[in-house]
Enquirer: 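Shown below is the structure under consideration.
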Amino acid sequence: MQVVVLECKAKAAGMIAVRLESGRITIRNERKPQRPGGFALIRLLAGGICNTDLELQRGYYNFAGTPGHEFVGEVVDSDDKAWIGRRVAGDINLACGHCDYCRRGLQRHCPTRTVLGIVRHPGAFREFLTLPEVNLHRLPDSISNEQAVFIEPLAAACQILDQVPIPPGEPVAVLGDGKLGLLIAQVLQAHGAATHHYGRHKEKLKISAAAGVATEVRRAKFPKSLYNFVVDATGSPQGLQQAVAMTAPLGKVIMKSTVHGTTAIAFAPIIVNEITLIGSRCGRFEPAIKLLKSGAIDVDNMISDRFPLSAAKQAFDRAGQKGVMKVLLDGG
């Protein structure tokens with residue numbers, strides 16, 4: 001009997017985790033993470049592979065470790081026992097909480113922050129993960145696990161409206177019909193902007209069109225100097241140049257593409273036309289959760305495939321294929 005108990009304890013102390021290093025995806029057996037004070041221990045329910053994860057695989061940040069920052073999980077242990085058993089999503093930036101940026105409410109720009117699955121904090125693609133309790137957001141029952149995986153990227157889409165005052169009815173161009181581009185187009189349309197979504201794939205653009213967005217399949221000859229607001233969500237080095245060309249004098253380009261390597265761009269038209277370039281990254285979870293709960297954003301049709309956590313290599317291969325949208329990893 002004693003031997004059986006010891007074996008069970010040893011098994012319970014372990015877990016499987018995804019490892020990304022030098023572009024290779026492997027599965028490893030690791031010890032369950034220790035929960036520091038103020039942190040929650042979370043059991044992964046589902047995670048989503050995003051373009052940033054694929055860029056990490058290509059060499060972005062010289063990343064080595066467990067990736068994954070889009071997730072939904074169940075709290076299994078925490079200092080505040082009210083969290084236990086709750087289904088949660090979580091802000092991915094772990095700030096110090098006491099520097100000047102943090103005191104000003106700019107935790108996402110804390111100079112010593114770590115970032116879940118990206119910068120010095122193991123990511124969500126493992127059976128158990130840890131995050132500070134202050135980073136957690138309770139999820140209503142009306143949002144499914146599959147939908148909840150989209151909260152982090154949807155918050156990034158909502159961040160545009162926190163950064164740029166876009167009047168209702170204002171024409172806005174969104175470039176790129178990948179996962180983030182589709183979310184951005186729907187968010188801007190729900191806000192009341194006259195959203196024009198340009199992409200290369202008719203099937204993907206149907207998701208935006210169903211939300212009332214004007215869509216165009218374009219590969220060349222984009223309109224010139226037409227919009228006061230243009231969002232680049234192409235994920236390509238050429239996307240920013242195209243966005244600048246479409247922006248009217250004194251207009252704004254919101255940059256949402258994360259691309260590994262250096263991007264060349266001609267600065268003369270930016271300077272001459274006095275165009276403002278705005279970097280845009282993570283956003284608040286509250287508006288994203290509200291939009292999902294209301295049913296205003298369609299994410300169900302953005303899921304291409306799902307795999308068990310143990311098949312992460314196949315999942316990453318699938319996510320990297322042309323035309324594929326969200327690939328989910330089930331935590332069990």
Side-chain angles (χ1 to χ4, degrees), residues 51-52 55 104 106 108-109 153-202 204-205 207-209 211-284 287-288 291 297:
N51 284 348
T52 299
E55 288 295 326
R104 290 158 53 198
L106 301 173
R108 292 195 297 268
H109 297 283
L154 184 56
C158 293
Q159 171 67 0
I160 293 171
L161 296 174
D162 276 351
Q163 293 177 289
V164 183
I166 299 177
E170 176 73 28
V172 181
V174 178
L175 306 187
D177 54 15
K179 300 177 287 291
L180 184 55
L182 290 166
L183 292 175
I184 291 169
Q186 292 184 78
V187 166
L188 295 177
Q189 187 69 16
H191 171 68
T195 310
H196 298 179
H197 194 181
Y198 295 87
R200 296 175 177 268
H201 308 92
K202 185 177 180 180
K204 290 183 178 181
L205 289 173
I207 296 174
S208 294
V213 176
T215 63
E216 287 192 41
V217 178
R218 285 287 185 102
R219 298 183 182 275
K221 296 183 178 178
F222 288 79
K224 303 292 184 182
S225 302
L226 184 62
Y227 298 94
N228 291 322
F229 302 93
V230 179
V231 181
D232 170 29
T234 60
S236 73
Q238 298 78 31
L240 180 57
Q241 189 76 48
Q242 184 62 64
V244 169
M246 294 174 66
T247 305
L250 302 178
K252 295 177 173 60
V253 174
I254 299 96
M255 301 182 293
K256 277 293 187 182
S257 293
T258 303
V259 181
H260 172 57
T262 305
T263 299
I265 185 169
F267 276 96
I270 298 172
I271 296 168
V272 170
N273 292 318
E274 298 182 321
I275 292 171
T276 302
L277 303 183
I278 301 171
S280 185
R281 191 170 54 100
C282 303
R284 297 181 296 117
L291 282 170
I297 307 296

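Note that these values count all heavy atoms, side chains included, but never hydrogens, waters or copies made by symmetry.
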Enquirer: Go through Val230 and Val172 one step at a time and tell me if the side chain to side chain contact (heavy atoms under 4.5 Å, CB included) criterion holds.
Expert: CA-CA 6 Å; Val230 179; Val172 181; over 6 Å; no
Enquirer: Identify the heavy atoms of Pro223 and Tyr198 that sit nearest to each other, and give their distance.
Expert: CG-OH, 3.5 Å
Enquirer: Are Leu182 and Ile184 side-chain neighbours, meaning at least one heavy-atom pair lies under 4.5 Å?
Expert: no
Enquirer: What are the two closest non-hydrogen atoms of Ala243 and Val253, and how far apart are they?
Expert: CB-CG1, 3.9 Å
Enquirer: If you measure from CG on Asp232 to CD on Gln241, what distance do you get to the nearest 0.5 Å?
Expert: 11.0 Å
Enquirer: Taking side chain as C-beta onward, heavy atoms only, is Cys282 less than 4.5 Å from His109?
Expert: no
Enquirer: Where do Leu183 and Ile297 come nearest, in terms of heavy atoms and distance?
Expert: CD2-CG2, 4.0 Å
Enquirer: Find the distance between CD (Gln242) and OG1 (Thr234) and round it off to the nearest 0.5 Å.
Expert: 9.0 Å
Enquirer: Are side-chain heavy atoms of Leu154 and Gln186 found at a separation under 4.5 Å?
Expert: no
Enquirer: Check the pair Asn228 / Glu170 against side-chain hydrogen bond (donor to acceptor under 3.5 Å, both in side chains), numbers first and verdict last.
Expert: CA-CA 8 Å; Asn228 291 322; Glu170 176 73 28; 3.1 Å; yes
Enquirer: Charged N to carboxylate O below 4.0 Å: is that the case for Arg284 and Asp162?
Expert: yes
Enquirer: Is any side-chain heavy atom of Val187 closer than 4.5 Å to one of Ile160?
Expert: no
Enquirer: If you look at every heavy atom in Ala155 and Ala288, which pair is closest and at what distance?
Expert: N-CB, 3.6 Å
Enquirer: Could you check if a side-chain atom of Val174 sits within less than 4.5 angstrom of a side-chain atom of Leu188, using non-hydrogen atoms only?
Expert: yes
Enquirer: Between atom CE of Met246 and atom CD1 of Ile275, what is the distance when rounded to the nearest 0.5 Å?
Expert: 11.5 Å
Enquirer: What residue among His201, Lys204, Arg200 forms side-chain hydrogen bond (donor to acceptor under 3.5 Å, both in side chains) with Asp177?
Expert: His201
Enquirer: So which atom in Gly169 and which in Ala194 form the shortest heavy-atom distance, rounded to 0.1 Å?
Expert: O-CB, 3.7 Å
Enquirer: Quick one: are Ile254 and Val164 in side-chain contact, heavy atoms under 4.5 Å?
Expert: yes
Enquirer: So which atom in Leu175 and which in Gly239 form the shortest heavy-atom distance, rounded to 0.1 Å?
Expert: CD1-O, 4.1 Å
Enquirer: Atom CG of Asn273 and atom OG1 of Thr247: how far apart are they, to the nearest 0.5 Å?
Expert: 9.0 Å
Enquirer: Answer yes or no: is there a donor N or O on one side and an acceptor on the other, between the side chain of Ser257 and the main chain of Gly235, under 3.5 Å?
Expert: yes
Enquirer: Are Ile265 and Ile270 packed together at the side-chain level, in the sense that at least one heavy-atom pair is separated by less than 4.5 angstrom?
Expert: yes
Enquirer: Would you compute the distance between atom CD1 of Ile278 and atom CE of Met255 and round it to the nearest 0.5 angstrom?
Expert: 8.5 Å
Enquirer: Quick check: does any side chain N or O of Gln163 sit under 3.5 Å from a backbone N or O of Gly279, one acting as donor and the other as acceptor?
Expert: yes
Enquirer: Can you tell if the side chain of Gln159 reaches within under 4.5 Å of the side chain of Lys256, non-hydrogen atoms only?
Expert: yes
Enquirer: How are the rings of His196 and Tyr227 set to each other: parallel, tilted or perpendicular (split at 30° and 60°)?
Expert: perpendicular
Enquirer: Could you go step by step and tell me if Thr215 and His197 meet the side-chain hydrogen bond (donor to acceptor under 3.5 Å, both in side chains) rule?
Expert: CA-CA 5 Å; Thr215 63; His197 194 181; over 6 Å; no
